[in-house]
Amino acid sequence: MMHSKKLLGGLVALPLLLNSCFTGPSAKEWAQMKEDYFNRTPRVMIDNDGSDALRYPAAMKPSVDGFYSRKLNLLLGKKFNVEVYTPGTVGFAVTNRSLLADRMLNAPQDNNLQNITAYLEQELNTDPVQLALEFSRAHDYEFFLNMHANDCRDAEHPEWTPEFRSNYPEFLCGTEDEPPLLGMWNAYDFACSEVRKRFVTCVTEWFEKYDPDGFLLDFNRTPFLFRSVCCGGMPNEEEMEDLTKMLKTLRKKAEKIGRRRGRPIFFAFRMPDSSMLCNLMGADVEKWMEDGLFDIFIAGSDNGHYTPYRMTRVLCNRYGIRFYASIDKSLTTSSDDNDVFNRNTVQAINGRIASAYACGAEGIYLFNVVENRDQMKRIQVKPKNLVREDKTYFLTVHSPVTLNASQPQAGTNTLLSTLGPKDIQFFAPGELKPFHIELGDDFRHMDPLFTRPNAKLYFKSNAPEDSPFQIVFNDVPLECVDIQNQTACYVIPLDRIKHGLNKIAAVAPEIGYCPESEMERFRESHPELDLRPITPTTILKGDALVDKDDATWQRLFAGNSLHDDAESIMNGAYRLSAQEDAPVNLLLPLPGVKENNCFATLSFECAVSSDTLRGGAVLRIANGWATEVIEFTPDKIRLRHADAEYDFDTQHFHAYHLIFSKSRLVLTADGANIFIQDYEKTANSEKTAMVDYEREIPLMQDQSILIGSLDKGVRGTSFWKNLILEHHAICAEDCAITIEFPKD
């Protein structure tokens with residue numbers, strides 16, 4: 001370890017001698033020293049999130065031993081060799097003694113807790129960081145300090161709100177009354193130079209005042225850095241470059257202090273495990289790697305696991321960066337009490353660690369995974385100790401957070417497909433969907449004396465018990481051996497399991513109804529979903545005009561008949577063109593959507609002409625509960641009743657996908673998110689009602705779809721094709737694989 005007696009005579013003594021001569025190591029000696037130090041041992045890092053002083057039991061007398069008993073004593077043992085300590089850092093406010101940063105000294109809101117930070121300073125002449133550092137040295141751990149880049153927990157804990165945040169609301173990404181589209185309203189906007197300067201000042205003080213072996217910059221606690229992104233846009237080059245310059249300043253200061261003391265300060269950063277998503281956040285991760293700003297990439301967090309670990313390993317290898325996997329407590333809970341879907345058991349944590357090692361991780365970072373001392377004892381952090389351990393693997397451990405309004409959908413652009421309680425997948429009858437799962441076991445070449453485990457796949461859905469999903473694992477169909485509580489169990493042949501990515505294909509049953517008992521059971525946990533399987537229906541192909549006697553689409557306004565070219569077919573699309581005298585549109589009633597509590601999707605292709613004005617090309621959705629009008633103009637998509645707009649080129653055809661449930665609209669274009677928006681809450685009101693129509697059609701106001709133009713006095717031409725309506729009903733909710741060894 002870093003501060004063992006054996007190393008004190010070698011690694012540390014020479015630098016101290018050089019320091020005493022006011023020189024220091026040469027550039028070559030310094031580089032070699034860093035390399036030797038870094039390669040000395042694999043690291044298993046553990047972070048307890050540092051709330052031990054902030055949330056100390058009110059009934060316990062403040063003391064050093066009491067402070068250690070809260071969390072740090074759980075680290076004792078030989079499994080871990082790096083202690084990562086977070087001194088508060090909510091909004092850059094800290095618990096360590098500081099003359100430069102805001103302090104976290106207020107009492108907790110919970111009367112059962114107390115904040116002993118001030119007591120430690122005033123009565124014991126110490127602080128939480130100093131105590132954590134001394135603990136680390138006493139037990140031969142390396143010591144890393146952790147700064148959360150944009151920790152926003154003071155939105156829920158106002159006693160933690162720093163003065164800097166309160167005094168400068170202009171530095172934030174929104175307000176509590178007008179929160180941004182994405183992220184937290186009280187997140188700092190790193191486009192502000194004052195925010196970046198404050199950040200550098202707070203962190204540099206740590207380097208000067210304490211003696212850390214390393215520094216962790218955590219961008220995942222609240223993974224939003226710029227107001228531009230939070231408001232639905234893209235980060236610009238200047239914002240990304242300013243953030244990179246801030247990190248270069250920090251690295252330079254750390255190098256200077258490290259050379260002065262004769263021992264390097266190593267840098268780690270924790271980011272989403274996708275360089276594409278990092279760029280959408282505004283973090284130019286590959287530039288950081290190329291410039292040598294960090295030594296360790298801690299990939300992923302409880303905000304999501306986005307791309308296969310193997311891709312992260314390849315990225316890190318390209319720039320000589322170490323890849324560590326972030327193993328976090330999952331915030332995704334099962335909708336029932338079935339333990340097999342509990343993501344925070346010892347078996348589940350061991351499964352995550354095993355899969356990370358198998359896919360190329362060189363080290364492990366654990367965050368908030370430890371619930372009790374017994375669990376800590378049973379977690380295995382070395383590859384050799386995981387071989388014969390029971391494990392549970394999941395298709396989706398952490399429900400992924402949307403980091404940018406233009407973020408591709410899961411399952412596209414190298415992003416992993418998702419399946420879990422917060423990421424339900426909807427299947428049409430007979431539909432096949434592929435998934436990938438990362439496993440840390442390989443039984444293809446087992447020793448004959450090796451104890452053979454049982455491998456099972458559990459798949460939860462609302463399919464009838466007599467018609468379960470068909471599951472294919474690595475191209476081999478699996479046998480369903482049991483179904484209980486809507487969870488089907490399948491046996492996996494051991495010789496099909498391999499290290500790394502494994503393929504799963506799920507095929508929905510060909511059914512036309514769902515038994516009422518199973519529908520009611522599923523409704524209890526997902527009341528917003530329609531459970532009636534309905535085959536996707538093409539409601540408008542776009543290659544022929546709607547006949548005047550058609551019973552499906554209706555003409556609501558007089559404009560359709562005022563001009564010869566109001567309706568036409570052009571280039572395989574239905575063209576609706578309105579002049580200023582009257583709207584031109586088609587309306588489709590949706591009987592039953594309210595009664596069935598419908599969750600539906602509408603897929604369509606659409607384009608508008610360059611002279612289209614607001615109201616001249618719209619898609620109006622009314623589901624019986626709520627109503628919204630989506631307006632398409634040449635360079636924007638707007639939500640009329642929600643009063644929101646998004647920059648987007650609508651003059652070319654895009655493949656749109658609209659999801660509308662009881663309370664929310666989600667629109668994507670070509671697989672990328674455009675918006676996630678709550679509905680206008682009232683459906684049939686003066687604000688949302690259509691006016692000046694030519695004739696009354698049943699359900700037209702509150703249960704219908706309308707395309708074309710809607711407002712009198714505006715011009716607009718829109719083109720529509722391949723409109724497909726789908727009432728989702730066959731729902732897959734979760735998937736887990738268990739590896740269990742026979743008990744003696």
Side-chain angles (χ1 to χ4, degrees), residues 408-409 412-413 428 431 534-579 582-590 600-621 629-638 646 648-660 665-674 704-711 714-728:
Q409 287 184 313
T412 64
N413 294 74
E431 182 181 4
I534 299 176
T535 302
T537 303
T538 299
I539 56 177
L540 187 70
K541 192 171 182 180
D543 58 352
L545 292 176
V546 173
D547 188 84
K548 67 176 182 176
D549 297 322
D550 188 276
T552 306
W553 287 97
Q554 306 288 317
R555 293 168 176 87
L556 187 61
F557 291 82
N560 293 64
S561 58
L562 290 179
H563 305 281
D564 292 338
D565 65 343
E567 296 181 49
S568 61
I569 303 299
M570 182 176 291
N571 298 326
Y574 208 105
R575 176 178 176 271
L576 294 169
S577 182
Q579 304 301 317
V584 174
N585 50 50
L586 295 174
L587 180 137
L588 176 71
L590 296 177
T601 67
L602 179 66
S603 301
F604 61 97
E605 296 176 61
C606 175
V608 303
S609 63
S610 60
D611 60 348
T612 297
L613 304 177
R614 288 192 64 174
V618 308
L619 169 61
R620 182 183 187 272
I621 293 289
V629 177
I630 304 172
E631 301 176 325
F632 299 85
T633 54
D635 61 348
K636 292 186 186 297
I637 295 177
R638 294 180 173 87
Y646 309 88
F648 194 75
D649 177 10
T650 65
Q651 296 184 68
H652 302 89
F653 277 104
H654 297 280
Y656 293 95
H657 189 75
L658 178 71
I659 302 173
F660 54 104
L665 284 174
V666 179
L667 181 68
T668 66
D670 304 324
N673 285 343
I674 300 297
S704 65
I705 293 174
L706 180 144
I707 60 173
S709 60
L710 189 57
D711 299 335
V714 299
R715 291 179 291 109
T717 301
S718 54
F719 304 83
W720 306 84
K721 60 182 178 180
N722 298 327
L723 275 69
I724 301 173
L725 180 66
E726 181 177 1
H727 294 201
H728 288 295

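Computed from a predicted structure; not experimentally measured.
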Asker: Apply side-chain contact (heavy atoms from CB on, under 4.5 Å) to the pair Glu567 and Leu576, showing each step before the final yes or no.
Answerer: CA-CA 5 Å; Glu567 296 181 49; Leu576 294 169; 3.7 Å; yes

Asker: Once rounded to the nearest 0.5 Å, what's the spacing between atom CD of Glu631 and atom OG1 of Thr612?
Answerer: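 Reported to 0.5 Å precision, the distance equals 12.0 Å.
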
Asker: To the nearest 0.5 Å, how far apart are OG in Ser704 and CG in Leu587?
Answerer: 4.5 Å

Asker: Which heavy atom of Thr633 sits nearest to which heavy atom of Leu613, and what is that distance?
Answerer: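 It is CG2-C, 3.9 Å.
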
Asker: Apply the test side-chain contact (heavy atoms from CB on, under 4.5 Å) to residues Lys721 and Asn571: give CA-CA distance (whole Å), side-chain angles for both, the deciding distance (0.1 Å), then the verdict.
Answerer: CA-CA 10 Å; Lys721 60 182 178 180; Asn571 298 326; over 6 Å; no

Asker: Please round to the nearest 0.5 Å and tell me the distance separating atom CD1 of Ile621 and atom CD1 of Ile659.
Answerer: 12.0 Å

Asker: I'd like to know if the side chain of Asp543 reaches the main chain of Gly572, judged simply by a donor and an acceptor atom lying under 3.5 Å from each other, with no hydrogens or angles considered.
Answerer: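 Flag not set: sc Asp543 to bb Gly572 has no pair under 3.5 Å.
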
Asker: Please identify which of these residues, Ile707, Asn585, Ile630, Leu706, meets the side-chain contact (heavy atoms from CB on, under 4.5 Å) condition with Val618.
Answerer: Leu706

Asker: Decide if atom NZ of Lys636 counts as having more than 12 heavy atoms of other residues, nucleotides or ligands within a radius under 6.0 Å.
Answerer: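 Buried by this count: over 12 neighbours within 6.0 Å.
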
Asker: What's the shortest heavy-atom distance between Trp553 and Ile705, and which atoms?
Answerer: CZ3-O, 4.0 Å

Asker: Could you check Tyr574 against Val546 for side-chain contact (heavy atoms from CB on, under 4.5 Å), going step by step and ending with a plain yes or no?
Answerer: CA-CA 9 Å; Tyr574 208 105; Val546 173; 3.8 Å; yes

Asker: Any heavy-atom pair between the side chains of Leu586 and Trp720 that's under 4.5 Å?
Answerer: no

Asker: Nearest 0.5 Å, what's the CZ-CG distance between Arg555 and Asn560?
Answerer: 6.0 Å

Asker: For the residue pair Phe632 and Tyr656, does the interplanar ring angle fall in the parallel (under 30°), tilted (30 to 60°) or perpendicular (over 60°) class?
Answerer: perpendicular

Asker: What is the ring orientation for Phe719 with Phe653, classed by angle as parallel under 30°, tilted 30 to 60°, or perpendicular over 60°?
Answerer: perpendicular

Asker: Going from SG on Cys606 to CG on Asn722, what distance comes out if it is rounded to the nearest 0.5 angstrom?
Answerer: 12.0 Å

Asker: Between Asp711 and Arg614, does a salt bridge (charged side-chain N to carboxylate O under 4.0 Å, His left out) hold up when you go through it step by step?
Answerer: CA-CA 8 Å; Asp711 299 335; Arg614 288 192 64 174; over 6 Å; no

Asker: Which atom pair, heavy atoms only, marks the closest approach of Ala669 to Phe648?
Answerer: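 In terms of heavy atoms, the two residues are closest at CB-CZ, 3.5 Å.
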
Asker: Taking all non-hydrogen atoms of both residues, which atom of Val584 and which atom of Ser709 are closest, and how far apart?
Answerer: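 Reported closest heavy-atom pair: N-OG, 2.6 Å.
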
Asker: Which atom pair, heavy atoms only, marks the closest approach of Asp649 to Gln651?
Answerer: OD1-N, 3.1 Å

Asker: I need the Leu723 CG to Leu602 CG distance, nearest 0.5 Å.
Answerer: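 These two atoms lie 5.0 Å from each other.
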
Asker: Compare every heavy atom of Ser718 with every heavy atom of Gly708, then report the nearest pair and how far apart it is.
Answerer: CA-OG, 3.9 Å

